[in-house]
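Only one structure is covered here, and it is reproduced in the block below.
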Amino acid sequence: MIDLAQLRREPGVVTAALARRGVPRSSVDAIVQLDIEHRQRLQEAEALRAEIKDLSRRVALARRAHDDAQAQLLQATSRDLGERERVAAEATEAVAADLRAQLLMIPNLPAPEAPEGLDEGDNVEVRRWWVGVDEGAPFPTYQEHQRVAHWDVARELGILDLETGAKLAGSMFPLYRGDGARLLRALSFLALDRHRDAYEEIRPPSVALTETMMSTGHLPKSADDMYEVPRDDLWLIPTAEVPLTSMRRGEILEESELPIRLTALTACFRREAGAAGRDTRGLLRVHEFDKVELFAYCTPEQAEAAHADILARAEGLLRELGLTYRVLDLCAGDLGTSSARTIDLEVYSPGVDRWLEVSSVSWFRDFQARRANVRYRSAQGTQFVHTVNGSALAWARIWAALVETYRQADATVRLPEVLAPYFGELTIRPRS
RNA sequence: GGAGGGAUGACAGAGCGGCCGAAUGUACCGGUCUUGAAAACCGGCGUGGGCUUGCCCACCGUGGGUUCAAAUCCCACUCCCUCCGCCA
C-alpha cells in the first residue's frame, strides 16, 4: 500500500511516479478526493461521539447526586444524539471502505532508478553471463545435440511425464519421474545448503488466508491468477514470498534483529489466467513448480545490500550450474504490483532457443510492510520495515535448461559437477 | 469431530457497567547516590487516527448486540491449552 500521508503531502510527486507505470491520474485524484471526504465525515462523527461521552459522564454525576430528573434528561438527549452518531459513523465507514478498496488497487511507486517504459519491451538488459565469459570466451555456440527441446530429451530419458501429470491434475501440472524427480530434489538441496550461512530455513504452509494474501499485494488485484479454496477461505501460495512476508505480520521488530533473512522451499501454484494458451509446451509455463525463495525484513538503509545479496546468490547458483543467463532491469511499467525495483534473471535454454525467467529479485520498500503492518523500533521512532525477496531459484525452467544444455552427442545428459554431492552419478541415461 | 478452560500493554498479571487507556510487578529509558557497577530511591514508559497542537477519537482475540455509558453483560466466530475420539 502506498503512503496516504505522502499522497496528501506531495500529490504531484506520487501522481508523476505512478504515471511512469501507467496508472492514470484520475485514479490518484479519486483517492485524494475520497480522503478529503473521509476526514470531513470522520470529524463530524467524532464530534458527536465526544458529545455523547461527555453526556454519559454527566449522567454518572447526576446519578451520584441523586438528581434523577437531570439524569433522565441527559439520557434522552444522548439517545437522540446516538441516532445521529450512528448514521454519521456508517457514512464515514462507507467512505473509508471505498477509500481502502481503491488504495489497495494502487501499485507501488517505482524507484527512480527503475528504467523508463511501459511494457517488457522496455526492460533493460544489464549483462549476460556464460561459462568462460570472464576469460574472454565468446557467447556459446551450442551443438546440434543441444538443440533438442527438453520435452523431447525428457521423453528419450523417461524423466518427465506430462501426460500422466495432465491425467492427474490437468495440463501444465508436470509429473517428474526417476532421475527427473531426483534432479529436482538435488537442485533444492543444493540451493538450501548454499543459503544456510545467512538465511534461516523455513518450511511454511502451502496455503494462506485471504488476509495473508493481501499483505504481499497478491490480493485483491491478482485473484484470477491464484488457486482458491473458498470453503476454508484459503489460497494456494503462488510463491513463498506470501507466507514469509506475513510471518511477522502486525509485529514491531527491534532494529538490532534486522535484517531478518529467511529462505524457504515450497511448491508454487499459478493459474496463469492471463497467459492461457501461451508457452504451453513442456515446462515453459506450468501451474505448479518448486522454488527456493530468499527473503529479508530490513531497515531502509539495509535494503540495497539485502537486495544485492539475493541477486548475487541467485546468479551464483546459475554460474555454479554453468547455465547461460542474462540480467534484466525491469522498466517501471513491467514491475509487479508491489515492487519498486525488480531485477529478473533469464536463463538461456538452447533446445527451445529461448530466454526463460527463473528469478525475480524485488525491493518493495515499505509497500508490503504497510499492508502487513510490520514495523521496527529505531532511534527515529517506530517505522515500517522494508522487504526484499527473490527466487534462488525456480526449478522447472532450470530443469529444462539443464537437460537441454547438458545433452550429449550420445543422447545422454551429463549434469554439472556441482550436483555430484546431491545426485551421485551425473549421467542420466535412457531407462532400460 | 466431542467436552472443558483461557485470550488484557514488551512480558507477567489485576480489573462491583460510570474519570479504566487500563492497578501492580518485571523489563526498558532518564536522574539521585557510588571511584565504577549493583542495590536502593525519584521520574518516565502502548499503538494508530483527526484537527483549531492542545484537545478530541479509536483500540483490552475478531465481528455483532444490549445500554445514556461496555475490558466488564449477551450472541457468533477464531486461536491457544487440557481430556476423549479419529488419523499419516
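None of the values given here were measured: they were computed from a predicted structure. The chains referred to below are lettered A, B, ... by the order of the sequence lines, with proteins before strands, and numbering in each begins at 1.
Distance CD (A:Glu211) to C1' (B:rG61): 12 Å, rounded to an integer number of Å. Whole-Å rounding puts the A:Glu83 CD to B:rU66 P distance at 11 Å. Whole-Å rounding puts the A:Glu51 CD to B:rA69 C1' distance at 15 Å. As rounded to whole Å, 6 Å separates atom P of B:rC51 from atom CZ of A:Arg8. Rounded to whole Å, the distance from CD1 on A:Ile36 to C1' on B:rG50 is 14 Å. As a whole-Å value, the separation of A:Glu93 CD from B:rG63 P is 11 Å. Atom CG in A:Leu81 sits about 13 Å away from atom P in B:rC57, given to the nearest Å. One can place CG of A:Asn373 at 18 Å from P of B:rG46, the figure rounded to the nearest angstrom.
Contact check on A:Arg270 versus A:Glu288 returns no salt bridge, with no Lys/Arg side-chain nitrogen under 4.0 Å from an Asp/Glu carboxylate oxygen. Ionic pairing of A:Glu257 and A:Arg377 is not present here: no N-O contact between side-chain nitrogen and carboxylate oxygen is shorter than 4.0 angstrom. Salt bridge status for A:Arg261 with A:Asp309: present, with a side-chain N to carboxylate O gap under 4.0 Å. One finds no salt bridge joining A:Asp225 and A:Arg271 here, because no Lys/Arg side-chain nitrogen approaches an Asp/Glu carboxylate oxygen to under 4.0 Å. Taking 4.0 Å as the cut-off between side-chain N and carboxylate O, A:Asp54 and A:Arg49 do not count as a salt-bridged pair. Ion pairing of A:Glu83 with A:Arg79 is absent here, as no side-chain N (NZ or NE/NH1/NH2) approaches a carboxylate O to less than 4.0 Å. Between A:Arg100 and A:Glu93 there is a salt bridge, with a side-chain nitrogen of the basic residue lying less than 4.0 Å from a carboxylate oxygen of the acidic one. Residues A:Arg319 and A:Glu315 are paired through a salt bridge, judged by an N-O separation under 4.0 Å between the basic side chain and the carboxylate.
A 3.5 Å limit on both hydrogen-bonding distances identifies no Watson-Crick or G-U partner for B:rC60. Partner assigned to B:rC87 is none, using Watson-Crick or G-U wobble distances below 3.5 angstrom. Across the strands present, B:rA14 finds no partner; the criterion is a Watson-Crick or G-U wobble pair with both atom distances under 3.5 angstrom. Nucleotide B:rG4 forms a Watson-Crick or G-U wobble pair with B:rC81, both donor-acceptor distances falling under 3.5 Å.
Closest contact between the side chain of A:Glu46 and the listed nucleotides B:rC57, B:rC68, B:rG48 involves B:rC57. Closest to the side chain of A:Arg375, from the set B:rC68, B:rU47, B:rG50, is B:rU47. Of the candidates B:rG50, B:rU47, B:rA58, B:rA58 carries the atom nearest the A:Arg49 side chain, counting heavy atoms from C-beta on. Closest to the A:Gln43 side chain, of the nucleotides B:rC51, B:rC56, B:rA69, is B:rC51. With B:rG49, B:rC51, B:rC57 as the candidates, the nucleotide lying closest to the side chain of A:Arg39 is B:rC51. Comparing B:rG48, B:rC57, B:rC68 against the side chain of A:Lys53 picks out B:rC57 as the nearest.
B:rA23 and B:rG9 are spaced 13 Å apart, taking the P atom of each and rounding to whole Å. Using atom P as the reference point in both B:rC29 and B:rC45, the two lie 16 Å apart (nearest Å). Rounded to the nearest Å, the gap between the C1' atom of B:rA22 and that of B:rA14 is 10 Å. Comparing B:rA88 with B:rG4, their P atoms sit 29 Å apart, to the nearest whole Å. Between B:rC60 and B:rA7, the distance separating the two P atoms is 14 Å to the nearest Å. Atom C1' of B:rU8 sits at a distance of 14 Å from the matching atom of B:rU47, rounded to the whole Å.
Screening residues 327-338 of chain A for salt bridge (charged side-chain N to carboxylate O under 4.0 Å, His left out), with sequence neighbours left out, gives A:Asp329-A:Arg341.
Centroid-to-centroid, the aromatic rings of A:Tyr176 and A:Trp399 come within less than 6.0 Å.
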Using a cutoff of under 3.5 Å, can you pull out all pairs of nitrogen or oxygen atoms linking the protein to nucleotides 16-19 of chain B, with atom names and distances?
residue, atom, partner, partner atom, Å
B:rG18, O2', A:Arg64, NH2, 3.3
B:rG18, O6, A:Arg63, NH1, 2.8
B:rG18, N2, A:Ser56, O, 2.9

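Annotation: of the two residues near RNA chain B, A:Ala47 and A:Gly82, the 5′-most nearest-nucleotide partner is A:Ala47. Nucleotides of RNA chain B nearest to A:Arg79 and A:Asp35 differ in position, and the one nearer the 5' end is that of A:Asp35.
The aromatic rings of A:Tyr227 and A:His287 sit perpendicular to each other, their planes meeting at more than 60°, with 30° as the lower class boundary.
Near RNA chain B, meaning a heavy atom under 4.0 Å from it, residues 251-262 of chain A has no residue at all.
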